[in-house]
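Step one of this worksheet: look at the structure below.
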Amino acid sequence: MSAATTPAPVALITGAAHRLGARTAQVLHQRGWRVIIHYRSREQQANTLAGDLNQQRENSALAIQADLGQMGEIRRLGQEAAAQWGRLDGLINNASVFYPTPTPEAREDDWNTILNTNLKAPFFLLQTCLPALRAARGSVVNMIDIYSERPLPDHPLYCASKAGLAALTRSWAKDLAPDIRVNGVSPGAILWPEGGGEIDEQHQQAILDKTALARTGSPDDIAATIAFLVNDAPFITGQILPVDGGRSLNM
């Protein structure tokens, strides 16, 4: 089959209706990928993004709803993603829940919400997608966090979930080789949290004071790194790349 008729690769990106996930979908699409945009509740944003991408290139984007807190929904998402175009070349585990859970106040519901979305869902989604990823000799990129190594005060459940995902990244890189490459991206200050995980201006400035480049990054920095890992890094696996402006030098 010639390069002109080789089917475009397919990526499933979780939490891709807005912010970093949406920009990742756009950048991969620009590089010739077909993208499956997972969303939980942002239906309008997901469908608008898919529509915009399909206008640029017909039949190249699809939005799929799923609640990553439910095992049946995780399985369905993986199955539908692999079946849509008959292949799956990339899985980007981007969806994440972030909010404070001080130990004296944390509830079992908090544990389930954060750990299920941030750690359980990536594991069982990859498990469901495994045959398709193996067939394509595909790639997985997990969204980690600098707080997986140096915890953020009052966020023990979030930090534990990301530390677990970092461990999964390295474990999968061993277990799934040589068929599948698995890497992680660990953002620093890119977009400030929203929806219950807000960081006040004083804390924001304190973070920037510890960042060597003394500024926030942009979603393009993360999207370009993910695109590099899935497109241009055939000999990289088991690595977690900090994209943090040098923040990890001064944690």
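If you're wondering where the values come from, they're calculated on a predicted model, not measured in any experiment. Numbering starts at 1 and runs along the sequence shown.
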**Request:** Walk me through it: do I226 and I222 pass the test side chain to side chain contact (heavy atoms under 4.5 Å, CB included)?
**Result:** CA-CA 6 Å; I226 292 171; I222 301 301; 3.9 Å; yes
**Request:** Over all heavy atoms of both residues, which pair between T237 and A173 is shortest? Give the atoms and the distance, please.
**Result:** OG1-CB, 3.6 Å
**Item:** Side chain to side chain, E105 and P100, heavy atoms closer than 4.5 Å
**Value:** no
**side chain to side chain contact (heavy atoms under 4.5 Å, CB included), paired with C159, selected from I114, L152, D154** = L152
**Fill in**
Taking every heavy atom of L119 against every heavy atom of G164, the minimum-distance pair comes out as CD1-C, 3.4 Å
**Message:** So does I236 get a backbone contact from the side chain of R181, meaning a donor-acceptor N/O pair under 3.5 Å?
**Reply:** yes
**Prompt:** So, does D89 use its side chain to make a donor-acceptor pair with the main chain of G138 at under 3.5 Å?
**Reply:** no
**Smallest separation among heavy atoms of N47 and A63, with atom names** = OD1-CB, 3.5 Å
**Request:** Please determine, by modelled atom types, if R23 and Q26 share a side-chain donor-acceptor pair under 3.5 angstrom.
**Result:** yes
**Prompt:** So do the side chains of M143 and T14 get within less than 4.5 Å of each other, counting heavy atoms only?
**Reply:** no
**Asked** In terms of side-chain heavy atoms, does T169 have a donor or acceptor partner in N142 at a distance below 3.5 Å?
**Response** yes
**Asked** Does one hydrophobic cluster hold both I144 and V140, with members joined at side-chain heavy-atom distances below 4.5 Å?
**Response** yes
**Prompt:** In the single-linkage hydrophobic clustering (I, L, V, M, F, W, Y; side-chain heavy atoms under 4.5 Å), do V27 and V141 co-cluster?
**Reply:** no
**Message:** Using 0.5 Å steps for rounding, measure from the CG atom of L168 to the CG atom of L126.
**Reply:** 9.0 Å
**Asked** Under the side chain to side chain contact (heavy atoms under 4.5 Å, CB included) criterion, do Q84 and V10 qualify, and how do the steps go?
**Response** CA-CA 9 Å; Q84 171 62 23; V10 177; over 6 Å; no
**Message:** Quick check against the 3.5 Å criterion: does H38 have a side-chain atom that pairs as donor or acceptor with the backbone of I13?
**Reply:** no
**Item:** Partner residues of A121 under the side chain to side chain contact (heavy atoms under 4.5 Å, CB included) criterion, sequence neighbours left out
**Value:** L68, I74
**Message:** Has S186 got a side-chain atom pairing as donor or acceptor with D145's backbone, closer than 3.5 angstrom?
**Reply:** yes
**Request:** Please name the pair of heavy atoms, one in G15 and one in A95, separated by the smallest distance, quoted to 0.1 Å.
**Result:** N-CB, 3.7 Å
**Message:** Please determine whether the number of non-hydrogen atoms from other residues, nucleotides or ligands lying under 6.0 Å from atom CH2 of W85 exceeds 12.
**Reply:** yes
**Item:** Test side chain to side chain contact (heavy atoms under 4.5 Å, CB included) applied to H29 and D52, step by step
**Value:** CA-CA 11 Å; H29 188 267; D52 289 344; over 6 Å; no
**Request:** Taking atom CD of Q56 as the centre, report whether more than 12 heavy atoms of other residues, nucleotides or ligands fall under 6.0 Å from it.
**Result:** yes
**Prompt:** Quick one: CD1 on I36 to CG on L62, what's the gap to the nearest 0.5 Å?
**Reply:** 6.0 Å
**Request:** For T117 and G69, indicate whether the former's side chain and the latter's backbone hold a donor-acceptor pair under 3.5 Å.
**Result:** no
**Item:** Minimum heavy-atom distance L49-A16, with the two atoms named
**Value:** CD2-O, 3.4 Å
**Asked** Less than 4.5 Å apart, any side-chain heavy atom of L12 and any of L125?
**Response** yes
**Fill in**
Here the side chain to side chain donor-acceptor pair (under 3.5 Å) pairs for residues 125-138, sequence neighbours left out, are R75-Q127, R75-T128, R137-D179
**Prompt:** Can you tell me if H155 uses its side chain to pair, donor with acceptor, with the backbone of P153 under 3.5 Å?
**Reply:** yes
**Message:** Looking at N183 and Q239, would you say the former's side chain and the latter's main chain have a donor-acceptor pair under 3.5 Å?
**Reply:** yes
**Item:** Between OG1 on residue T48 and NE2 on residue H18, distance to nearest 0.5 Å
**Value:** 13.5 Å
**Item:** Distance, nearest 0.5 Å, that separates CD1 of I240 from CG of L229
**Value:** 11.0 Å
**R87 and P7, any side-chain heavy atoms less than 4.5 Å apart** = yes
**Fill in**
Value for CG (L88) from CZ (R34), rounded to nearest 0.5 Å, stands at 10.5 Å
**Asked** Any side-chain heavy-atom pair from W172 and I180 closer than 4.5 angstrom?
**Response** no
**Message:** Can you confirm whether V243 sits close enough to P187 that some side-chain heavy atom of one is under 4.5 Å from a side-chain heavy atom of the other?
**Reply:** no
**Message:** For the backbone of W33 and the side chain of R57, can you confirm whether one donor and one acceptor N or O come within less than 3.5 Å of each other?
**Reply:** yes
**Student check: side-chain heavy atoms of I37 and L53 closer than 4.5 Å** = yes
**Request:** Tell me whether V35 is reachable from V185 by hopping between hydrophobic residues (I, L, V, M, F, W, Y) whose side-chain heavy atoms are closer than 4.5 Å.
**Result:** yes
**Prompt:** Do K162 and Y147 come close enough that some side-chain heavy atom pair is under 4.5 Å?
**Reply:** no
**Prompt:** How long is the gap from OG on S148 to CG on L165, to the nearest 0.5 Å?
**Reply:** 8.5 Å
**Fill in**
Nearest heavy-atom approach of G32 to P9 is O-CD, 4.0 Å
**Request:** Examine the side chains of Y99 and D110 and answer whether a donor and an acceptor come within less than 3.5 Å of each other.
**Result:** yes
**Request:** Apply the test side chain to side chain contact (heavy atoms under 4.5 Å, CB included) to residues L176 and L130: give CA-CA distance (whole Å), side-chain angles for both, the deciding distance (0.1 Å), then the verdict.
**Result:** CA-CA 9 Å; L176 305 182; L130 199 51; 3.9 Å; yes
